[in-house]
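Counting convention: from 1, in listed order, for ligands and their atoms alike. Heavy atoms only: backbone and side chains are in, while hydrogens, waters and symmetry mates are out. Not measured: the values here are computed from a predicted model.
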Amino acid sequence: MASGTALIYDEEMTTHKLLWSDPVCDIEVPERLSSSYDQLKRYHLVERCVHVPAREASQEEILLVHSSEHLEVAKSTQTMNEEELKKVSGNYDAFFFHPNTYCCARLAVGATLELVDAVMSGKVRNGMALVRPPGHHSQRNAANGFCLFNNVAIAAEYAKLKYGLQRILIVDWDVHHGQGTQYIFEEDPSVLYFSWHRYEHQEFWPSLKESDYDAVGLGKGKGFNINLPWNKVGMGNSDYLAAFFHVLLPMAFEFDPELVIVSSGYDSGIGDPEGQMNATPEVFAHLTHFVMQLANGKLCVILEGGYHLKSLSESVCMTVRTLLGDPVPQITGEMAPCLSAVESIQNVRAAHKSYWKWLMYEDTSFLQNLSTKSLLLKKANPNPSTEHESKITNNDETVKVERFLELHMKNILFPVPPIKTATTDSRGSVHLLPVPVHFVKEIDKTEIKALVSGFYADIVKEDKNLLSLGSILAILDKILKKEVCNGIAESPTCSVSVAVALRHSVRFGFQRVLCIFVGDMEIIPNTEDGKILMIHICEKEQSGKTRSKHYISLNWKEDAEGNDFFPAVLGFILPVAYSYQPNLTVIAVGPNRSLGISGISLLFSLLQGLAESRILAVIKDTEINVMQSVAKALVGASAPQFGVYVPPTQEKVNKIKILRDQFQQEWKMLQCSVKDGI
Ligand SMILES: NCCCNCCCCCC(O)(O)C(F)(F)F
Ligand SMILES: [Zn+2]
């Protein structure tokens with residue numbers, strides 16, 4: 001199983017620069033690269049990566065996407081003087097040439113291809129290439145928007161050719177629409193292109209009709225182009241996460257890519273003069289964490305835009321530390337997407353209904369009125385106030401953002417625990433675990449008896465699980481003290497163990513503990529005070545207990561053929577969990593589990609983005625296979641296999657919809673459609 005993270009950077013790419021005054025292009029400066037690399041060094045992230053050198057792409061490689069005319073024009077600029085450079089630059093929308101541009105653009109492509117080779121050869125699991133000039137606006141026969149060669153598009157064609165790949169996902173989280181990439185692949189079903197972008201009803205550059213949500217691809221490529229337009233500025237963390245839960249991730253898991261390439265622009269982050277958005281750097285750790293769960297972890301992150309140097313460099317660091325497997329920082333801000341974001345999410349889901357199995361039962365009845373209504377709304381008040389007040393308005397705000405980010409990052413960054421996963425167990429089954437985990441300590445029975453008889457006597461009736469309780473409390477203490485990130489314990493009676501663990505966690509200061517219990521639960525802990533949110537996944541209704549905001553029972557029996565749990569995790573459990581923002585997650589697998597191992601692995605992998613990746617796993621002592629796959633997920637040994645993707649039945653889709661309707665006012669991340677009569 002490949003491991004390690006590649007970092008590709010060559011300071012030669014800082015020599016491309018604007019030689020004359022041009023207010024459109026003067027934000028694309030060399031310092032974008034050098035300040036990002038310097039910040040990576042400051043956080044000691046460079047030394048933890050595998051250094052892969054850049055190289056100049058060959059002409060054949062560039063011709064995989066571009067015309068020979070385009071290549072010749074680029075080549076000819078090497079010997080031009082400033083006046084000639086200015087003239088040829090004027091043939092394009094928002095592009096500038098420098099005598100070194102051609103060489104830098106070849107390095108940018110070559111660096112990207114070297115990263116693809118390092119990942120596809122198994123030399124590393126994933127990696128990032130810090131390149132400029134960027135690529136996603138450039139087209140077969142034209143430079144555009146600071147881009148000369150389309151680095152990411154060439155990489156996709158190269159990977160298909162050299163590795164025979166048939167499904168490549170390109171995620172473009174830059175704040176501009178990568179229309180170049182869209183044009184190149186719009187008829188190609190082997191490349192799924194997802195882009196969100198500032199759009200403002202076609203007001204924002206490049207102001208194209210084909211950047212809207214109804215551009216779904218052409219011919220055989222229909223359904224494989226996904227545009228999510230942001231029609232207002234000020235979008236934040238919750239809007240971006242909602243877009244992942246309700247649009248990108250369901251598509252991506254159904255598509256099941258063999259490689260993921262990210263057009264990683266950070267002008268969608270706070271403080272950026274182009275984006276005017278409010279998302280903070282840690283959101284990129286979450287976005288990276290999610291795309292790492294695809295393609296068995298084979299992920300290439302390629303720099304595109306980002307013009308606020310502090311915001312850019314912090315976001316680059318958030319990306320790289322997540323690629324390295326560090327805990328994912330707690331997301332900040334109110335977890336509630338704005339109306340405009342939900343409207344765009346609803347529109348793009350409707351536009352793709354006929355191309356995706358997971359959308360087969362999507363309710364698109366709103367289409368008759370809502371879309372016209374929103375356009376009427378726009379016409380009615382052409383300058384709609386932003387949903388979120390945009391914190392950044394003009395240049396002198398840049399300094400304010402720097403100060404904001406200095407403080408913000410201090411709260412976000414935390415020491416990475418030296419040990420990832422701790423375990424103890426009563427019968428020494430730790431040696432059964434397929435991965436190096438840290439043995440917490442021998443459990444002393446009398447000590448535990450005393451402790452338990454004190455605070456947990458009402459829960460613990462018999463002695464047979466004292467050892468298990470001891471190990472759980474020992475692991476919890478390590479997690480509480482941030483000495484370990486997560487832990488795994490076995491138990492003969494999961495309900496008792498979980499009840500004790502929850503009470504212990506709340507007693508020792510965790511204000512919000514999320515508990516996902518899979519299987520039969522004899523004891524249902526009290527969740528009235530909101531300090532525990534229980535999601536109970538079982539085959540049939542647990543008699544008596546009615547659902548409430550903090551006790552949600554999800555009746556789900558996994559399909560025998562494969563894994564149909566994706567819509568439940570992506571469309572329900574994650575949105576609820578992110579709305580709750582727990583500071584500890586407990587996941588228990590008890591008797592008569594109604595999920596398969598792949599569904600359980602999916603839970604453990606996707607929930608690691610919460611609570612700074614603090615997870616306590618409590619596994620029924622007879623479930624050795626579950627124990628092993630959970631340990632792999634917790635240690636990050638590999639992007640686990642989530643089994644064969646099975647689209648959900650109508651009955652299961654309806655089950656999620658009913659739960660979503662019931663709880664979306666309390667847990668606002670569930671929102672993915674605008675109520676009628678907005
Ligand atoms: N009135 C004309 C405004 C032109 N604005 C050009 C913005 C280019 C954005 C480039 C980028 O950030 O998307 C890339 F990732 F490619 F670098
Ligand atoms: Zn951009």
Number the atoms of ligand 1 from 1 as they appear, then name those within less than 4.0 Å of a heavy atom of [X], with their elements.
X: Cys147; value: 16 (F)
X: His136; value: 11 (C), 13 (O), 14 (C), 15 (F), 16 (F)
X: Gly305; value: 12 (O), 14 (C), 15 (F), 17 (F)
X: Val24; value: 4 (C)
X: His137; value: 9 (C), 10 (C), 11 (C), 13 (O), 16 (F)
X: Glu274; value: 7 (C)

Worked verdict on Phe255 versus Phe253 for side-chain contact (heavy atoms from CB on, under 4.5 Å) | CA-CA 5 Å; Phe255 182 65; Phe253 279 107; over 6 Å; no
Have a look at ligand 1 and work out which part of His176, if any, has a heavy atom under 4.0 Å from it: side chain, backbone, both or neither.
-> side chain
Note: Asp267, heavy atoms under 4.0 Å from ligand 1, region reported as side chain
Out of the N/O/S atoms in [X], what is the name of the one closest to the Zn ion (ligand 2)?
X: Asp174; value: OD1
X: His176; value: ND1
X: Asp267; value: OD2

May I ask you to decide whether Arg55 forms a salt bridge with Glu114, counting only side-chain N to carboxylate O separations under 4.0 Å?
-> yes
For this output row, return yes or no: ring centroids of [X] and [Y] closer than 6.0 angstrom.
X: Trp196; Y: Tyr213; value: no
X: Tyr9; Y: Tyr37; value: yes
X: Trp205; Y: His197; value: no

Heavy atom of protein closer than 4.0 angstrom to atom 1 (N) of ligand 1 | no
Output yes if Glu274 passes the N/O/S-under-2.8 Å test against the Zn ion (ligand 2); output no otherwise.
->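 No.
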Under 3.5 Å, is there a donor on one side chain and an acceptor on the other for [X] and [Y]?
X: Tyr266; Y: Ser264; result: yes
X: His136; Y: Asn150; result: no
X: Gln39; Y: Arg42; result: yes

Which of these, Trp205, Phe95, Tyr307, Phe146, has its nearest heavy atom closest to atom 12 (O) of ligand 1?
->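 Of the listed residues, Tyr307 has the closest heavy atom.
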Aromatic rings His98 and His16: how do their planes relate, parallel, tilted or perpendicular, breaks at 30° and 60°?
-> perpendicular
